[in-house]
Amino acid sequence: MVWVSRPVLNRRLAGLGTTIFAEMSARAVATGSINLGQGFPDTDGPEAIAAAAADAIRQGRGNQYPPGPGVPELREAIAAHQQRWYGLAYDPGTEVLVTAGATEAIAAAMLALVEPGDEVIAFEPYYDSYAANIAMAGGIRVPVTLRPPRFRPDTGQLANAITGRTRLILLNSPHNPTGSVFTRDELAAIASLAVEHDLLVVADEVYEHLVFDGEHVPIARFPGMRERTVSVSSAGKTFSFTGWKIGWVTAAPELVAAVRTAKQFLTYVSGGPFQYAVAQALALPDGYFAALRDDLKAKRDLLAAGLRDIGFEVYPPAGTYFITTDIRGLGEEDGVAFCMTLPERAGVVAIPSAVFYDDKEAARTQVRFAFCKRPEVLTEAVGRLARLRQGAAR
Ligand code: PMP
Ligand code: GLN
C-alpha cells in the first residue's frame, strides 16, 4: 500500500531493518531450535534478588515514577560497586545515572555528546545498537577492525582513524562478539590517544564480571580518563536478569548531566521496583561473582571443545558469553547462508558475525555461538551440530 510519497523510514535509519537477535530468536522459536544466537541465559539470576523485586512491587517501592537519575539506593550501590571492584570514586548524587539497560545509556550518550557530522570510532565487530545510535545522532561511524585469531585492538590503526572531526571512541571490553578482553597496555595506548586528541570515550562494560582469562580494567582508571569517560554497564549479564533492563552510567558531573538531558526524553525513568532489587544484587558477596564466572567458564570450555571436535575453528574468548568460530573446516564459506539454514539442517540457531561489521568480507566465514545455557542444552546442541561434520551422513 503506497500511502505517502516518500519512504516512511528516515535516511538515518534506512537499512537498519530488524535486529539480527530478534530475527534469529524468532527463527529458533518457529523451528524449535536450540537458541545459541541471542545472548540471554536460560537460568534466571538469584532467587533472593527476584524476591527483592517482587517485595518492592508489593510494598509499593518504585511503582510510581522513580527519581529521574534513579533511586538513591541504587545510585549508592553503583558508586559502591565502582569503588569496591575498581577503586573508582563516584558521587552518587551527581556522577551516577540509572538507565533503561546499557542500550539506553549508549543511545543517550550518543544523542547527547555527538554533533551531526562528528566521527565516532568503534572497534568492529561492534554490538548492533552502536551503528543505529551513532546514526540517530547524525554521527559518522568509523570502524577499526579486530582480526582473528586473537582480535587485538590495533592502536596504530586507531591512531590513523582519528581525524579533526573525531568526537569520541565507543569502546567495548570485554568485547561482544569476539570475547576479547583488552589488556592494560592496550587500554593505556587507547587512553593516551584519547587524551592526546581530546576525545571522549564511552566505555561499554556490560561484561565486566564475565572474564575468564586476564582482568577487566575500566579505561576510566587511566591517567586523564576519569574526566573524559562515560562508563556504561548493566545488571542484565552480571545478574542474569536481561529482561529487567536496568543499566547505568558513571562519569564526571558534566558528562552525566549531558547524558541525562537526552535520557529524560527517551524513557524519563524505568523499572522502579527492579532498581531496588539491583541495588541489593550489586552488594552480593564476592562469592556470587566468582561462581557466575566459574560456571560460565565451564560452559565456555564445554561448547568450545564440542565445536572444535566437529570441525569448527574456535577462537577461545577470554570474556563475555560468546564464542566466535570459523566454519571453513566444515567446508562452508558463507556465515550468513550457514546461519540461515542451520535451524533446518541442525536444529540450532547461531549468529553470522558479518552483521557486526562494516567490512563484511572480514568476517564472511565467522559465526558466533552463545554459551550462557545449561550444560545439558549445550551438550544437546553439540550433538545436533555434529550432523554437520564433514563426511557425516546427511
Ligand atoms: N552492550 C553490549 C556489548 C551487549 O552485548 C549488550 C547486550 N546485552 C548491551 C550493550 C545491552 O545491554 P542491556 O540489555 O543492559 O541494554
Ligand atoms: N546482547 C545480546 C547479544 O549480543 C542481545 C541483546 C539484544 O537482543 N538486544 O546477543
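We use all heavy atoms of the structure for the numbers below, so side chains are in, but hydrogens, waters and symmetry mates are not. Read the numbers this way: they start at 1 and go in the same order the structure lists the ligands and their atoms. Owing to the predicted nature of the structure, the values given are computational and were not obtained by experimental measurement.
- Applying the side chain to side chain donor-acceptor pair (under 3.5 Å) test between S233 and each of E208, Q82, H81, E205 identifies E208 as the sole match.
- The shortest contact between atom 3 (C) of ligand 1 and any protein heavy atom is with D204 OD2, 3.3 Å.
- A distance limit of 4.0 angstrom between heavy atoms and ligand 2 selects the residues F21, Q38, G39, Y127, N176, Y207, K237, F322, R368.
- The single protein non-hydrogen atom nearest to atom 6 (C) of ligand 1 is Y127 CZ, 3.5 Å, given as residue, atom name and distance.
- Taking any N or O of N172, backbone or side chain, none lies under 3.5 Å from an N or O belonging to ligand 1.
- In this structure, F40 falls outside the shell of residues with a heavy atom less than 4.0 angstrom from ligand 1.
- Checked against the 6.0 Å centroid criterion, the rings of F312 and F369 qualify as a close aromatic pair.
- Taking only nitrogen or oxygen atoms, main chain and side chain alike, Y130 does not reach within less than 3.5 Å of ligand 1.
- Residue, atom and distance of the protein heavy atom nearest to atom 14 (O) of ligand 1 are K245 NZ, 3.2 Å.
- When each of T267, T99, N133 is tested with E104 by the rule side chain to side chain donor-acceptor pair (under 3.5 Å), just one qualifies, namely T267.
- A cation-pi geometry, defined here as NZ or CZ lying under 6.0 Å from the six-membered ring centre and within 45° of its normal, holds between R61 and Y276.
- Of the candidates S234, S173, G236, it is S234 that places a heavy atom closest to atom 15 (O) of ligand 1.
- For K373 and F40, the positive end sits near the middle of the six-membered ring, less than 6.0 Å away and at most 45° from its axis.
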> Can you check salt bridge (Lys or Arg N to Asp or Glu O under 4.0 Å) on R384 and E380, steps first, answer last?
Replying inline: CA-CA 6 Å; R384 294 185 183 192; E380 168 67 19; 2.8 Å; yes
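- Legend: residues meeting salt bridge (Lys or Arg N to Asp or Glu O under 4.0 Å) with R12, ordered by chain and number and at least two apart, are absent.
- Side chain of H175 to backbone of P125: a donor-acceptor contact under 3.5 angstrom is found.
- Taking the centre of each ring, Y288 and F239 come in below the 6.0 Å mark.
- In this structure, T242 has no heavy atom closer than 4.0 Å to ligand 1.
- Less than 4.0 angstrom separates some heavy atom of K237 from each of these atoms of ligand 1: 6 (C), 7 (C), 8 (N).
- Near Y207, meaning under 4.0 Å from any of its heavy atoms, are these atoms of ligand 1: 3 (C), 4 (C), 5 (O).
- Qualifying side-chain contact (heavy atoms from CB on, under 4.5 Å) partners for R152, counting only residues two or more places apart in sequence or in other chains: R150, S180, F182, T183, E186.
- Open room surrounds CZ on R165; 12 or fewer heavy atoms of other groups in view lie less than 6.0 Å from it.
- Ligand 1 has a nitrogen or oxygen under 3.5 angstrom from a nitrogen or oxygen of A102.
- Taking Ile, Leu, Val, Met, Phe, Trp and Tyr as members and joining any whose side-chain heavy atoms lie under 4.5 Å apart, directly or through other members, the hydrophobic cluster of L111 also contains L9, L13, L16, M136, L266.
- Of all the heavy atoms of T103, the ones lying under 4.0 Å from any atom of ligand 1 are found in both the backbone and the side chain.
- Using bins of under 30°, 30° to 60° and over 60° for the plane-to-plane angle, the ring pair F21/F356 lands in the tilted bin.
- Remark: distances from the non-hydrogen atoms of E104 to ligand 1 are all 4.0 Å or more.
- Applying the 4.0 Å criterion to heavy atoms of N176 picks out, from ligand 1, the atoms 3 (C), 4 (C), 5 (O).
- Contact atoms of ligand 1 toward G101: 15 (O), 16 (O) (distance under 4.0 Å to a heavy atom of the residue).
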